[in-house]
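Numbering of ligands and ligand atoms starts at 1, following listing order. These numbers were taken from a predicted model, which means no experiment stands behind them. Side chains are part of it too, since the values below use all heavy atoms of this structure and drop only hydrogens, waters and symmetry mates.
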Amino acid sequence: MKSLRFLALEESLRRKAIEPLSVNNTPEEFGKYVFNKMQMRRYLSSEAYESILQSIEKGTRISRKIADQIALGMKAWAIENGATHYTHWFQPLNEASAEKHDTFFEPDRNGIVIERFSGEKLVQQEPDASSFPSGGMRSTFEARGYTAWDPSSPAFILGKTLCIPSVFVSYNGEALDFKMPLLRSLSVIDKAATEVCNLFYKNVHKVNVTFGWEQEYFLVDEALYFARPDLILTGRTLIGHPSAKDQQLEDHYFASIPERVKAFMIDLEIEAWRLGIPLKTRHNEVSPNQFECASIFEEANLANDHNILLMDIMRKIAERHHFKVLLHEKPFAGINGSGKHCNWSLMASNGINLLSPGNNSLSNLRFLTFVAIVIKAVYEYNDLLKATVASLGNEHRLGGNEAPPNIISVFLGNTISAIFQEIETKIGKNHLTVSEKKALTLDIGKIPEILLDNTDRNRTSPFAFTGNRFEFRAVGSSANPAASLIALNTAVAAKMYEFVHIVKSLRKEGIKKEEAILRTIQTFYTSSKNILFDGNGYTDEWKEEAKKRGLSVTNSAVEALSAYINNKNIHLLNEMGILKHHEVEARYEIRLEYYVKKLQIESRVLGNLIDNHIIPTALYYQQRLLDIVHKHIQIFKDETELELHKKLLSELNKHINELYKLKTDMEEARKRGNQSENIRIRAKIYSEEVKPYMDKIRYHADKIEMMVDNQDWPLPKYRELLFIR
Ligand code: ADP
Ligand code: MG
């Protein structure tokens, strides 16, 4: 009988590219399944339409009466577009989106089916959501969380379901999701940034965060995927000897996209466009089978929803093409993993990108102000930012000489750094001399021209200035980016208030505005320049240096996560009205729970693979070798020519015994971890005592893979998984 591996290989070889969806005109498809402003205009009364706009722009409440009207309009639109069900679509704390579908149609008293969807249903729902993670905030016997409509992100149709973007909160108002605190952080930074803006422009009344993500992912053939229990159950390969050729030649990055993949990408683009996701680029990434897509930046709450939605539809569309999407941060050892670059900036209501230099010295002063604020925020809260990206999956990636290193630092590039240095040295405690001031103003006025020729780009920096935005590159590919956005927005908002406060105090001392601002920039820069680093983040020297500078250097996700609950960070989130003390603790513990549960699953799956796949295969091969040895001796009565056989046998023995021992020790370590009721202790044991076994075990399994007959190996090998034709 053929093994699953060979059946899967045959199946994967038979595959041809599937004809992509045919559409006449892609731009016309954009937003086809979105209840966007155009549709609202058509389906809503002008009163209801205005009310939604007000709510989007100013966060005003929508009355119950208007909500009823909106529900009617939304339902009519949805049913006309083929929807039969509706759901509140929300983002619980488990890195996915959740839905609970209800039908629009109900029989009335006479058994006649009618459509029902009221304002009440639109605004609020009570999913039976007792099994979503809540970190002990919602004891299960009173599992009453509810979802509430977020009017600022438009409803959309997915399949046959009207999805209504929502927040998920407990009855006491505690946030149980990512969206709620994200919205709070956006509102906080809006107010703070507007105050900073008003130092420069009086006409700014709102500031939006803009967010553009780049999503990396792997594709593998579905048949091969199903022949790998580790991929099915953990999303990554737990064993597998590296392919002789993988990414050394960097040929995948520039290669043309395989036809099957291209067809998938075209479909993904069409489906994304229909859902209003402005997908823009598609290309190969460094590793074989690794790809990336990016969307054009949008208002951050919407962009974040779009990223979560994209990850969801990717999986569905991949199935149509007989692929599986791997969003895991490190699906294959030895080759690059996947991240999610988060491009972040601020857009004022007068249309100015606040992180973009302007064309005169005032606007460049504004530019430097915002850059200085971000630098200080990242400096003071580098540990919090790091905590937001810490996870079991991302632990493999960060610090692995491919993604950004595990130390958060800010890259500015030579030009901007030079300007800050100038500000630092030229502005003393005393007022500037007239000539100094002139020179500086001149320099500041020249920023855009200098920036234009500024080609320095640092690909390894975790937090890089890229001309008119910052790019946070440490986020994992599978993560909900909101966790990082929340921390960043909040930290930046806090530093904005501090900035305005200092400027105002200086003004009270009679110092002119421009100089007060310059002095504050100087203070900010001087006190936070320790976060700046333009060099190679992978060197040991940097690690040493970073430690001296007081930056968080730990490689352990569990340790990094503990930054969530240090006083400084709890104080920040609490003070700014984002999350209360116990909400932060709950989040921290949920993240630890996930770490432990995922590692527990990985460790069990690995144990099973060792017991049921690797050791039996090795023993079978040994048996065949012994057979040869035995027969050889019988026939030739001579052992001299059996050296190779004996060597193989003893090598195999060594690895089998070692494997079995390590696997048993790992089980013991798990038991030690499981004994602890306290999640913090459990996570520590899992991370320090269980996890190290994973690589040690893998080492022997991979050695055995290279020794036994290729025909006998039960799992698709790296070279088979990694090169889609
Ligand atoms: P690169 O690979 O060089 O980083 P990409 O084109 O892949 O460039 O991605 C750039 C991302 O940055 C896109 O998502 C883009 O929309 C986003 N971006 C550009 N300007 C801004 C901005 N002002 N605010 C937020 N994101 C932005
Ligand atoms: Mg990028």
Interfacing atoms of ligand 1 (cut-off 4.0 Å, heavy-atom, I296): 16 (O)

Part of N343 within contact of ligand 1 (heavy atoms, under 4.0 Å): both

Parallel, tilted or perpendicular: ring planes of Y217 versus F291, cut at 30 and 60 degrees: tilted

Test item: N394 side-chain N/O and A474 main-chain N/O as donor-acceptor pair under 3.5 Å: yes

Within-cut-off N or O pair, W344 and ligand 1, under 3.5 Å: no

Options C293, S295, A294, ranked by nearest heavy atom to atom 14 (O) of ligand 1, top entry: S295

Contacting atoms of ligand 1, where contact means under 4.0 angstrom from a heavy atom of N353: 23 (N)

Note, F168 side chain near Q91 side chain (heavy atom, < 4.5 Å): no

Within-cut-off N or O pair, F297 and ligand 1, under 3.5 Å: yes

Listed partners of E57 passing salt bridge (charged side-chain N to carboxylate O under 4.0 Å, His left out), at least two apart: none

Element-labelled atoms of ligand 1 that are located less than 4.0 Å from some non-hydrogen atom of S345: 22 (C), 23 (N), 24 (N)

Which segment of H341 sits under 4.0 Å of ligand 1 when only heavy atoms are counted: neither

Aromatic centroids of F470 and F465 separated by under 6.0 Å: yes

Which residues share a side chain to side chain contact (heavy atoms under 4.5 Å, CB included) with A560, sequence neighbours left out: K386, A390, T554

Between N489 and S185, a side-chain donor and acceptor under 3.5 Å: yes

Distance filter under 4.0 Å to K280 heavy atoms, resulting ligand 1 atoms: 6 (O)

For atom 10 (C) of ligand 1, the option (of E471, R469, M347) bearing the nearest heavy atom: R469

